[in-house]
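Take a look at the structure below.
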Amino acid sequence: MAFTFNQKSSNTEPKYQQLVNAVVNAIAQNKLHVDDPLPSVNQVCEQQKLSRDTVFKAYSLLKKQGVIHAVPNKGYFVAATTRKVFLLLDTLKAYKEVLYEAFIKSIPENVLVDVHFHHYNEVVFSKLVKGGLGKYSKFIIMPFEGEKIAKTLQTLPQEQLLLIDWNIPSYPHKNVVFQDFGIGLQKSLEQVIPQIKRYKRLNFLFPNYTFHPKIAVKYFSEFCQQQKIPFEIISNSETLDIKAQEAYLSVSDRMLGHFLKQCKEKQLELGVDIGIISYNETPMKQFINKGISVISTDFELLGKKAAEFVTTDQELYYKVPTTLTLRASI
């Protein structure tokens with residue numbers, strides 16, 4: 001028999017889910033192939049001391065997913081080649097949901113995705129990645145800077161690894177789909193120079209708690225210096241005190257919230273008394289007041305390109321364009 005199920009007492013997952021995972025993993029690792037038989041319900045019950053209900057539940061779920069099919073009087077057989085993908089994101093925000101939905105819609109039904117979040121924690125990142133070794137055909141990972149992160153990524157088969165969203169120079173991996181946090185920002189600001197120069201100063205709301213790449217500060221500063229625009233970098237959200245006739249660029253939606261609250265308290269009208277440009281498009285920003293101007297990459301395209309890496313098995317190096325959506329807020 002090409003497939004055996006070894007349950008682990010230390011595993012907190014339900015027994016039926018352990019059995020489902022075991023079958024899917026065996027297919028992903030080419031230990032099981034299309035039309036290969038699975039152990040009968042009675043065999044699994046007897047060997048693993050499981051109830052019939054548990055095994056039936058697992059096999060029924062696998063049938064529903066199209067992984068296996070049943071042949072009357074013969075048993076269960078592998079129905080399709082199934083692959084498992086490890087998707088590791090930083091946090092779940094509105095624009096990451098756009099990326100995730102585009103990715104899921106663009107992959108075939110026989111590809112199963114396990115999604116995880118590292119929340120910029122190096123220990124969590126390393127634990128999740130190491131726990132996935134040998135279990136997945138592809139690894140789609142949203143990295144962040146850190147010595148331990150680089151070492152952890154090196155443990156993965158490089159042809160199976162795709163880094164998304166951030167192209168970190170110290171991580172020289174061949175498969176990357178990324179946005180440009182430097183030149184992309186600068187070129188976007190160049191499109192609204194007349195609007196920015198209506199204000200006395202351009203302030204960059206870059207809070208000390210953000211994980212937004214710091215290269216953005218460098219390119220923002222260079223832009224303001226080249227255009228002779230007075231500017232300031234504001235990192236403390238607690239002491240934020242917005243001023244009329246000044247414009248702001250925010251990389252943090254949390255800090256954007258502080259900004260909008262003060263606008264309401266000080267009765268400042270966006271695009272008239274004060275200006276704001278936000279980073280990262282979300283579905284709601286077009287409806288806030290008369291619309292918030294946004295600098296953003298195309299997260300839907302980013303998700304589709306990541307799916308392309310899963311389905312084509314080809315090397316992929318792609319920069320997703322950064323664009324500016326001009327609305328009434330600036």
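Bear in mind the structure is a predicted one, so any value in this text is a computation, not a measurement.
You'll find the side chain of S329 stays beyond 4.5 Å of the side chain of I288, heavy atoms only. At least one side-chain heavy atom of V41 sits under 4.5 Å from a side-chain heavy atom of Y76. Between N289 and L260 there is a side-chain heavy-atom pair separated by less than 4.5 Å. The shortest side-chain heavy-atom distance between I107 and V85 does not fall under the 4.5 Å cut-off. Within the 4.5 Å cutoff, the side chain of K93 has no heavy atoms near those of the D253 side chain. Using a 4.5 Å cut-off on side-chain heavy atoms (C-beta onward), L326 and Q195 make contact. Inter-residue side-chain proximity for N203 and I242 is flagged as unmet; no heavy-atom pair is nearer than 4.5 Å. Residues D165 and F299 are in side-chain contact: their nearest non-hydrogen atoms beyond the backbone lie under 4.5 Å apart.
The minimum heavy-atom distance between K15 and T54, with the atom names listed, is CB-CG2, 3.8 Å. For Y248 against I234, the heavy-atom pair with the smallest separation is CE2-CD1, 4.3 Å. When all heavy atoms of I141 and V129 are compared, the closest pair comes out as CD1-CG2, 4.1 Å.
Connection of F309 to V177 is established within a shared hydrophobic cluster, with ILVMFWY side chains joined at heavy-atom distances below 4.5 Å, either directly or through further cluster members. Put simply, V24 and L19 are part of the same group of oily side chains (I, L, V, M, F, W, Y) that touch within less than 4.5 Å, one to the next. Both V310 and L301 belong to a single network of hydrophobic side chains, linked directly or stepwise wherever heavy atoms of I, L, V, M, F, W or Y lie under 4.5 Å apart. Hydrophobic clustering (side-chain heavy atoms under 4.5 Å, transitive across Ile, Leu, Val, Met, Phe, Trp, Tyr) keeps F211 apart from L89. When the side chains of ILVMFWY residues are joined at heavy-atom separations under 4.5 Å, either directly or via intervening members, L256 and L324 end up in two distinct hydrophobic clusters.
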Show the atom names and distances, to 0.1 Å, of all donor-acceptor pairs under 3.5 Å that link a side chain in residues 268-284 to residues at least two apart or in another chain.
| unit_1 | atom_1 | unit_2 | atom_2 | d |
| --- | --- | --- | --- | --- |
| D273 | OD2 | E269 | N | 2.8 |
| S278 | OG | K285 | NZ | 2.8 |
| N280 | ND2 | Y95 | OH | 3.3 |
| E281 | OE1 | R327 | NH1 | 3.4 |
| E281 | OE2 | R327 | NH1 | 3.4 |
| E281 | OE2 | R327 | NH2 | 2.6 |

Side-chain polar contacts of residues 214-232 - donor-acceptor pairs under 3.5 angstrom, sequence neighbours left out - could you list them?
| unit_1 | atom_1 | unit_2 | atom_2 | d |
| --- | --- | --- | --- | --- |
| K218 | NZ | E222 | OE2 | 3.0 |
| S221 | OG | V217 | O | 2.9 |

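Sparse packing is recorded around NZ of K127, with 12 or fewer heavy atoms of other residues, nucleotides or ligands lying under 6.0 Å away. Heavy atoms of other residues, nucleotides or ligands lying less than 6.0 angstrom from CD of E46 number 12 at most.
Counting only residues at least two apart or in different chains, ring-ring contact (aromatic ring centres under 6.0 Å, His included) contacts with residues 126-152 comprise F86-Y136, F86-F139, H118-F144, Y120-F144, F125-F144, Y136-F139. Judged as a side-chain hydrogen bond (donor to acceptor under 3.5 Å, both in side chains), the pairs with a partner in residues 137-146 (not counting sequence neighbours) are, in order, K138-D313. Screening residues 315-324 for side-chain hydrogen bond (donor to acceptor under 3.5 Å, both in side chains) gives N167-Y317 as the qualifying pairs, with residues at least two apart or on separate chains.
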Inset, instruction - Start with the C-alpha gap between Y199 and I330, add the side-chain angles, then the distance that decides, and say whether side-chain contact (heavy atoms from CB on, under 4.5 Å) holds. - result: CA-CA 9 Å; Y199 300 91; I330 188 69; 4.0 Å; yes

Legend entry - Stepwise side-chain contact (heavy atoms from CB on, under 4.5 Å) check, Q262 with L240: CA-CA 9 Å; Q262 289 192 28; L240 176 64; 3.9 Å; yes

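Under the 4.0 Å criterion applied to side-chain N and carboxylate O atoms, D90 and K96 are assigned as salt-bridge partners.
By the salt bridge (charged side-chain N to carboxylate O under 4.0 Å, His left out) test, R52 pairs with no residue at all, sequence neighbours left out. Not counting sequence neighbours, the partners of T152 by the side chain to side chain donor-acceptor pair (under 3.5 Å) test are S126. Listed by chain and number, the residues in a side chain to side chain contact (heavy atoms under 4.5 Å, CB included) with T210 are F206, P207, H212, V251 (sequence neighbours excluded). D241 meets the salt bridge (charged side-chain N to carboxylate O under 4.0 Å, His left out) test with K266; sequence neighbours excluded. When the side chain to side chain contact (heavy atoms under 4.5 Å, CB included) test is applied to Q17, the partners found at least two apart in sequence or on another chain are E13, P14, V20, N21, L61. Residues meeting the salt bridge (charged side-chain N to carboxylate O under 4.0 Å, His left out) test with K305, sequence neighbours left out: E308. Residues meeting the salt bridge (charged side-chain N to carboxylate O under 4.0 Å, His left out) test with D298, sequence neighbours left out: none.
Rounding to the nearest 0.5 Å places OG of S252 at 13.0 Å from CZ of F259. Atom CG of residue L185 and atom OG1 of residue T297 lie 12.5 Å apart, to the nearest 0.5 angstrom. A distance of 8.0 Å separates CD in E300 from OG in S106, rounded to the nearest 0.5 Å. Between the CG atom in L189 and the CG atom in L202 there is a gap of 6.5 Å [rounded to 0.5 Å]. Distance check, rounded to the nearest 0.5 Å: CZ of R254 to NE2 of H258 gives 7.0 Å. The CG atom of L162 lies 10.0 Å from the CE atom of M142; values are rounded to the nearest 0.5 Å.
No side-chain donor-acceptor contact under 3.5 Å links Q47 to the backbone of P39. A distance-only check finds a donor-acceptor pair linking the side chain of Q158 to the backbone of L153 [under 3.5 Å].
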